[in-house]
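Only one structure is covered here, and it is reproduced in the block below.
Nothing here was measured: the structure is a model prediction, and the numbers come from that model. Chain letters run A, B, ... following the sequence lines, proteins first and then strands; every chain starts at 1.
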Amino acid sequence: MRISESLRTGTLEIFHHKMRSFLTFFAISIGVISIMYSLTMIYSMNFRTKKALEVVGYGRMQVQTKQSYQETTTMDKKEARDNLSLEDAQALHTNFPELPMVSPLMFSGGEFTYGDFHDWNRVAGITTEWKKRGWVYKVRGRFLNQHDIDTYARVCVIIQNGGWFKKPQWMKFYGWKDDFQEYIKHHDLLGRTVKLGDNLYTVVGILEEPPLEKNPKTFLDLEGWEAKILIPITTLQRLMGGSWGWAEPGSIESIQIDTGRAVTVPVYRRRIEKLLQARHGGRLRLDVKDFGEIIKTKMADKHRDMYTVLIIGAIAILAGGIGIMNVTLATIYSRIKEIGIRRAIGATRGDIMAQFIIEAMLLGFFGGIAGILISMTGIQYLAANGDTDMMMVQWWMPLVSVVAAVLTGFIASLYPAYQASKLDPVEALRYE
Amino acid sequence: MIKCENLQKTYPLKKLHGYQALKGLDLSIEAGEFAAITGPSGCGKSTLLNIIGFLDNPSAGHYLFRGRNVSSFSDSERSGLRLSEVGFIFQSFNLLPRFTALDNVRLPMLYLGEGSAETEERALALLARVGLKGKETHTPLELSGGERQRVGVARALANNPKLLLADEPTGNLDSGTGIEVMQLLTQLNREGLTVIMVTHDMNLAGKASRIIRMKDGAIES
C-alpha cells in the first residue's frame, strides 16, 4: 500500500477515537515540552559559557596565597608565610613582558557616605591593568590612570549596574534591592567628593555596565560579589588596609594573569610559580587557579539541574511511549476482525505492521505538534517575563522535539504491530 | 484450475492428537465451473474453502493451483495469491465498518500498490456493476444486508480474480435478496469466472453447475 493511503487511513483512525488519541497526545506533549525546555536550557548554558570565556579570554589564571585558615593541619596554620606583594606583580610584568595582562588586586570594605546616604560597600584596589579584564563598560569621566596609582591619589571609579530590560520574575519575587545601585542611578556622582571609610575621594569616572541581559558577566558569575567601587591599589594599601584591615602591610590579595591562549596556561603556571617562589625564598603558599577550572566548577551546578530536567523529559516521553504502546495493543485487540479482513483480501504481514506503525507515528507526530504549540507559548511567556535562558530558543529545537515524538511512536509500536502481523488470518476472521 | 490430492488438515488440540478436519480429500475443479460445496456443519467445508483460498495451508497432501503446487507457499506468497488470484465473499460480509463502500472496494487495489485516481475509477465502475450506483459514499452501517453483500462482491472483484470463493454468501440475507445475490454470482460465472460456493441451502446449490457433497472431512459425491 502506498504511504499516502496509509497516512490517510491512520489519520482516519486517530480521528475516530478522539478520547484515546487525546490522552496519547497529552502524554506525548508533556514529553515534548520537557524536551524543549531542556534543549533550550542546554543551549543557553553552552552559549553563555562560550560568551563568558570570550569576554574573560581563554588564557586566564589567578594567583593567590593560601590563607592560614585554609590550611588543614595546625602546623601549616601556624607556619610563617609570605604574602604576595605589588612588587611581585611588577616582577611578573618585567620577567614576562609578553603576558597580555598582569593585574594585581586587593579588596577591602568601608562605609560609603554622600550627603545623607550611607551604605557599606566593597572596595577593590586595582591598577590600570584591570581594564584588560573583560571590559564591557561604557565610561563617563575617566578611568584610573598610572598617575593615580603612583601618587596614591584619593580618587575612585564607580560601576553602575546596567539594569534589566525586563526584570526576571524571581527578582521581583525576592524583592531584593541594591540600595547603593538605586542611589547612584538617581544621583549623578561624577566629579563629586564622597567619603569612603575615613577618607574623602573624588569620583573621577562612572563605568556603565550594559543591560544585564546583554552582559555576559550576568550569566557567569566568575568573580563572586563584585566590588562596585574601584580605587588605586596603592591608595587602598595605605588608607584602608587590604582584606578588611587584616592583611599584612604591603601585601595584595591576588594577581590575575592573562596568558593569551588556553594552551599557554600550564606553561606559565609553572614559570610564574617558580619565579614567585624564588622571590620569596619558598615561603609562599600559592593557590593558582586557571579560569577554565573555575568555570567548570561554576557550571557543574547548572549541569546537575539540566540533567534533572532532561531525565524528567525522558521519563515523560517514555510514559508517552508506553501510552502509545498500550493504545496500539488495545487497538489491535479491538481490531482483530479488521486485521483478519485485511489479511483475507491480500494484505501481507508487512502491510499490517506498516499500518499500525504509521498510525502510532502519526499519534506521536500530532502529539509532538501539540507539545510544540504549548511549549512555544510557555517559552514565549517566560522569555517575555525576563527568563534569559528561554530567550535562547532556536528554530531547530521544535524540529528535534517532533522527531523525538515520532521516533517514540515508531519504537513503541514495533512490538504491538509485530503481534498484529502474527495473527492467523483464519482465526482473526472468525473473531467476533 | 484446482487440483487437490490427498488433502489433509489437522488442527492441534491440547493433549489429544488433534482434530482432523480434512481426511485425505481429492478434488479437481476446472476453470469456468460453478461449484457448490454442501454438507452438514463441521464436515470441513470452510476448512477446504480456506485452503483453496490460500488462507490456510494443508497439513498434508498437495494443492495445485493453475498447475503450481502452492501447499508449501510462504505467508507472503499466499498473501500475493489472495490479493490477485482470488476474491472472497463472506457470510457476514466482513466490510470495514468505518470505510465507505467505495473505500472498501478500493482496499484490495491499494494493497496491490495502485494509485488513488485509477482505483477510484475502477471501484466506481464495480459498484455500478453490482447495482450500487449512488451509494458509493455510504458506510456499511448505512446499507441494507443485500447492499452490503453487493459491496462484498464488488470488493472480491477488485483485482480481476480468476477465482471467486463464497462462504454462505446468502446466509445472512432474506430469501429475496439472497436470490438477487445468487443471480449476480451466476452472471459472473457466465462471464467466465470460476465460482466456488459453500452453502447449506440445497435450493441455492441447485443453481450451481456442480454440487460437491462433503461428510466428515471427505467428499461423499
Locate the shortest heavy-atom distance separating A:A347 from B:S79; write the atom from each residue and the value. O-OG, 3.6 Å

Does B:E191 have more than 12 heavy atoms from other residues, nucleotides or ligands lying within 6.0 Å of its CD? yes

Against chain A, residues from residues 85-96 of chain B with at least one heavy atom under 4.5 Å, in numeric order, are B:F88, B:F90, B:S92, B:N94, B:L95, B:L96

Using a 6.0 Å cut-off, check whether atom CZ of A:F365 has over 12 heavy atoms from anything other than its own residue. no

Between A:A344 and B:R82, which heavy-atom pair has the shortest distance, and what is it? O-CD, 3.4 Å

Are the side chains of B:R155 and A:I341 in touch, meaning some heavy atoms are under 4.5 Å apart? yes

Atom pair CD1 (A:I345) and CG (B:N104), whose distance is rounded to the nearest 0.5 Å: 8.0 Å

Counting only heavy atoms not in B:K3 (residues, nucleotides, ligands), do more than 12 fall under 6.0 Å from its NZ? no

Taking atom CZ of B:F73 as the centre, report whether more than 12 heavy atoms of other residues, nucleotides or ligands fall under 6.0 Å from it. yes

In this structure, CE of B:M109 is separated from CD of A:E5 (nearest 0.5 Å) by 11.5 Å

With a 4.5 angstrom heavy-atom cut-off, which part of A:E427 approaches chain B: side chain, backbone, both or neither? neither

Interface residue of largest heavy-atom contact number with chain A, from B:G115, B:S46, B:S84, under 4.5 Å: B:G115

So, the part of B:N159 with a heavy atom under 4.5 Å from chain A: the answer is neither

Looking at A:R8, A:R335, A:R343, which one has more heavy-atom pairs under 4.5 Å with chain B than the rest? A:R343

Can you confirm whether A:L429 sits close enough to B:L55 that some side-chain heavy atom of one is under 4.5 Å from a side-chain heavy atom of the other? yes

Give a yes or no on this: more than 12 heavy atoms of other residues, nucleotides or ligands lie within 6.0 Å of atom NE2 of B:H62. no

Return the CG to OG1 distance between B:L107 and A:T9, rounded to the nearest 0.5 Å. 7.5 Å

Atom group of B:F54 that falls short of 4.5 Å from chain A, counting heavy atoms: neither

For A:R349, all residues meeting salt bridge (charged side-chain N to carboxylate O under 4.0 Å, His left out), sequence neighbours excluded: B:D75

Give a yes or no on this: more than 12 heavy atoms of other residues, nucleotides or ligands lie within 6.0 Å of atom OH of B:Y11. yes

Closest non-hydrogen contact found for A:T348 with B:S76 is CG2-O, 4.5 Å

